[in-house]
Q: 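Could you have a look at this structure, given as structure tokens, before my questions?
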Amino acid sequence: MSDKDSKETTDRKPSTMDEITGVGTSWGRAMLVPVLALFTALVCGALIIAVSDLDLLSLWKSDPGLAASGTWSKISGAYAAMFRGAFGDLQGWSETLTLAAPLILAGLSVAVGFKAGLFNIGAEGQMVIGGLTAVIIGFSFDLPAIIHVPLSILGGFVGGFIWGAIPGLLRAKTGAHEVITTIMLNFVALNLLTYLLKSSAIQQPGRDDARSKLIQESARLPRLLSFMDDPRLRVHLGILIALVAAGVVYWMLFKTTLGFEIRAVGANPDASRYAGMNVLWLYVAAMGIAGGLAGLAGVNPTLGLQYRATPGFSAAIGFDAIALALLGRSHPLGVVFAGILFGALRSGGQEMQAATGISIDLVLVVGALIVIFIAAPALIRSIYRVKTDDVSVSITKGIA
Amino acid sequence: MVDTTVQAAEAARGERRAHRLGWFYIGLGLFVALVFASTVTGEGDSSFGMVLARDRFADFEIGLGSLRLLPSLVVPAALTNFLIAAVMGFLGARLLTKKALKPSNLTLALVIGLFLFAFLTWAAAGQSFNLASMLRQSVLRSAPLTFGALAGVLSERVAVINIAIEGMLLGGAFTGVIVGSLYGAWPGVLAAIITGGLLAWVLAVLSIKYKVDQIISGVVINIFVLGLTSFLSVQILTQNADLNNSPRIGAWNVPFLSDIPFFGTILFKQNLFVYIMFGLVAVTTYALFFTRWGLRTRAVGEHPKAADTLGVDVYRIRYIGVILGGLVAGFGGAFFTIGQVGRFDENMTGGRGYIALAAMIFGRWHPVGAMSAALVFGFSDAIANKLGILNTPIPSEFLAMAPYIATLIVVAGVVGKSRPPAADGIPYEKQ
């Protein structure tokens, strides 16, 4: 961030916090970069679709007109299918919200970390542990649903909390950088999952592959649209959990002492220490809460969709979460919108793959490009020659 | 005055480390004695195959009574492990009692090596398994990790955090196989190297010019490459199988040296990539620590402002370091396709870029250290594959976890602190 640019837009030099949250800027300015980033990423995605069709590519030499129209129809077909799959009808909305729920929760997890000045790359591992804990509670007990569902959800939160608190504790006690420890804990969690799914206490009886027992029906997250009697409408309680969690995180961050202290530590740990805050406890608390939120994200696919744990249930949501938190500028409301956008990309991507045969992996590429453009607003500035607020994020200061 | 306090603090830290290491060695020794030596039951000879069946000296025998060295190393399991435990205890006690003794990395390596051998002796008690073949596998599997870790060292020595190693490996593997299928193995390797360099250039531009948070740019490059290679592999490679069938660069036996029993098998009956790995580690070490470029590189990583004041072009040195690292990582990526199977599969690096990152930290940002760590991780990878044969009670998932847990222990400073270059991760603002 250069001083010159920030002076043009605001009188004071914005702190890191302001840059992440976009505090002190107008809504229009704050939204300009994300919107342009999304647009640019979609254009790049279109280019990738165009060059990945070898037949069309070879057509450019012989008949450019036909090639151009063919490419156009391919790209427009893909994006039309994507939009249809995401928002076209009730099922599209249902699927978008279903997929958005864990994304929002994991995005909140990363956002809480950012607020405390910590970079939580470990949402994936925390999801795994949280989801697995929820499943274990889900199949072990036989309780009425009114108790069983909240208990399993709580289990997910606690599992994630513990897994998240470990890097917080290591950071506070030994200074081990959370980026490294969370990456390592991700792999430990994934290996632990494969091992536990094959252990006799958890594995589905009679199966050789790694999959857990089915949870009790009383632990399933209820479907919100079950009265419409259409099994394709999968949207379940998870999206409400996500929205409530976003509200609670907002309240916690901006209306409580704990939230104030977390933000203070994020802005300046030394000053917070001199002000008498317990930085050790705050790191543990912030990473624990972040882990708990990621654990809730892990509850979504397990208790809401598959009703069991499988090796890939976290589906790399923990990594998309980093993109989400940046896109939503680490503000709970922003994360909710960003989560719905990414949910739409994923659900639209499914439809695109089904309708046009273009692989859903394109969504990953588009997501990565969005983050690049958001993290480097100077790129957007130089492409569109607009003045934007500098929102580049610098939160990590050296590893280990 | 200041100097003496600094020295005193330094000495105190050294002593603390010596103490911690001392207790660590003793703890490991106790563990070996209580677990590996005591739980060996019955006919406790461990037999390690020291040669491969097709080796020149496969039927050569050296031995004394029940102790045999060739063609298999046969040792009494319990006794061996008690001896190893005693050696560990001695090394630990020496560190604790002798005041002025500085803990050396050589001893640490020795203890780790002894521990691994004790583990193998325990696992193979009453059975036989081929040590030579497994160690050869370990070296082979450590090659891509070493290349990745070298990329990390080169990049982080100029203070640019490189999380994108995974993406560079994967990108190199992908373009390598396509160009390899079209034009042959060596052009494929070249393409892989260039791909790694290009990705590193993107990382460099984002983190040096645009001053984007380096971890974010690294993570994003990884997601981008994973998405793009998976997408293109579904869209293009599935329909054009001839694009996904590269000639391979395989094993090459060094004349004469490969005939040495045991060591020749491990080191000189290897893939070409392994020899290049050893060469590259030597060259990087020399370049980083014995040349003017290396001095500047390290200065830029430790104190860019001082380097700048002395007329070193900080940005230029940083670009060079990051891009050199990318070239190395791209080459490492070629190992997955051209060096091994000759075809590309989605996400075929499977997180090895992150293990390489761990190896770099484990190896304290030093090429030789990084390679040693990569060898240990390659070993745990190889043994995880052989565990089925030995039917030990340890699940292979736990061995797969070992590199990550080891890294956690190291970064937490339990076994001596691993310190990154001082300016690591901080963009440089020219004044």
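Letters go in sequence order (proteins before strands), and every chain restarts at 1.
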Q: For residues 348-360 of chain B, which side-chain donor-acceptor pairs fall under 3.5 Å, sequence neighbours excluded?
A:
residue : atom : partner : partner atom : Å
B:T349  : OG1  : B:E166  : OE2          : 2.9
B:R352  : NH1  : B:T349  : O            : 3.1
B:Y354  : OH   : B:N222  : ND2          : 3.0

Q: Between A:L54 and chain B, with a heavy-atom cut-off of 4.5 Å, which part of the residue counts as in contact: side chain, backbone, both or neither?
A: side chain

Q: I'd like to know which of B:V225, B:I405, B:V234 tops the heavy-atom pair count under 4.5 Å against chain A.
A: B:V234

Q: Say you draw a straight line from CG of A:L364 to CG of B:L228; how long is it, rounded to the nearest 0.5 Å?
A: 10.5 Å

Q: Between B:Q235 and A:D53 (side chain of the first, backbone of the second, donor and acceptor by atom type, cut-off under 3.5 Å), is there such a pair?
A: no

Q: Using heavy-atom distances under 4.5 Å, tell me whether B:E346 contacts chain A through its side chain, its backbone, both, or neither.
A: side chain

Q: Taking C-beta and beyond as the side chain, do B:I216 and A:F119 meet within less than 4.5 Å on heavy atoms?
A: yes

Q: Between A:I183 and chain B, which part of the residue has a heavy atom less than 4.5 Å away: side chain, backbone, both or neither?
A: side chain

Q: Output side-chain donor-acceptor pairs under 3.5 Å for residues 188-198 of chain A, partner residues at least two apart or in another chain, one line each.
A:
residue : atom : partner : partner atom : Å
A:N191  : ND2  : A:F187  : O            : 3.1
A:T194  : OG1  : A:L190  : O            : 2.7
A:T194  : OG1  : A:N191  : O            : 3.2
A:K198  : NZ   : B:E397  : OE2          : 3.3

Q: Name the region of B:I223, side chain, backbone, both or neither, that has any atom closer than 4.5 Å to a heavy atom of chain A.
A: both

Q: Counting neighbours of CG on A:D208 that are heavy atoms of other residues, nucleotides or ligands and sit closer than 6.0 Å, is the number greater than 12?
A: no

Q: Within this structure, what is the CG-CG distance for the pair A:L326 and B:D213, rounded to the nearest 0.5 Å?
A: 8.5 Å

Q: Between A:I358, A:I372, A:L185, A:I121, which shows the greatest number of heavy-atom pairs under 4.5 Å with chain B?
A: A:I358

Q: Minimum heavy-atom separation for B:L232 and A:S52, please, with both atom names.
A: CD2-CB, 3.6 Å

Q: Check whether any side-chain heavy atom of A:V179 sits under 4.5 Å from a side-chain heavy atom of B:I163, and report yes or no.
A: yes

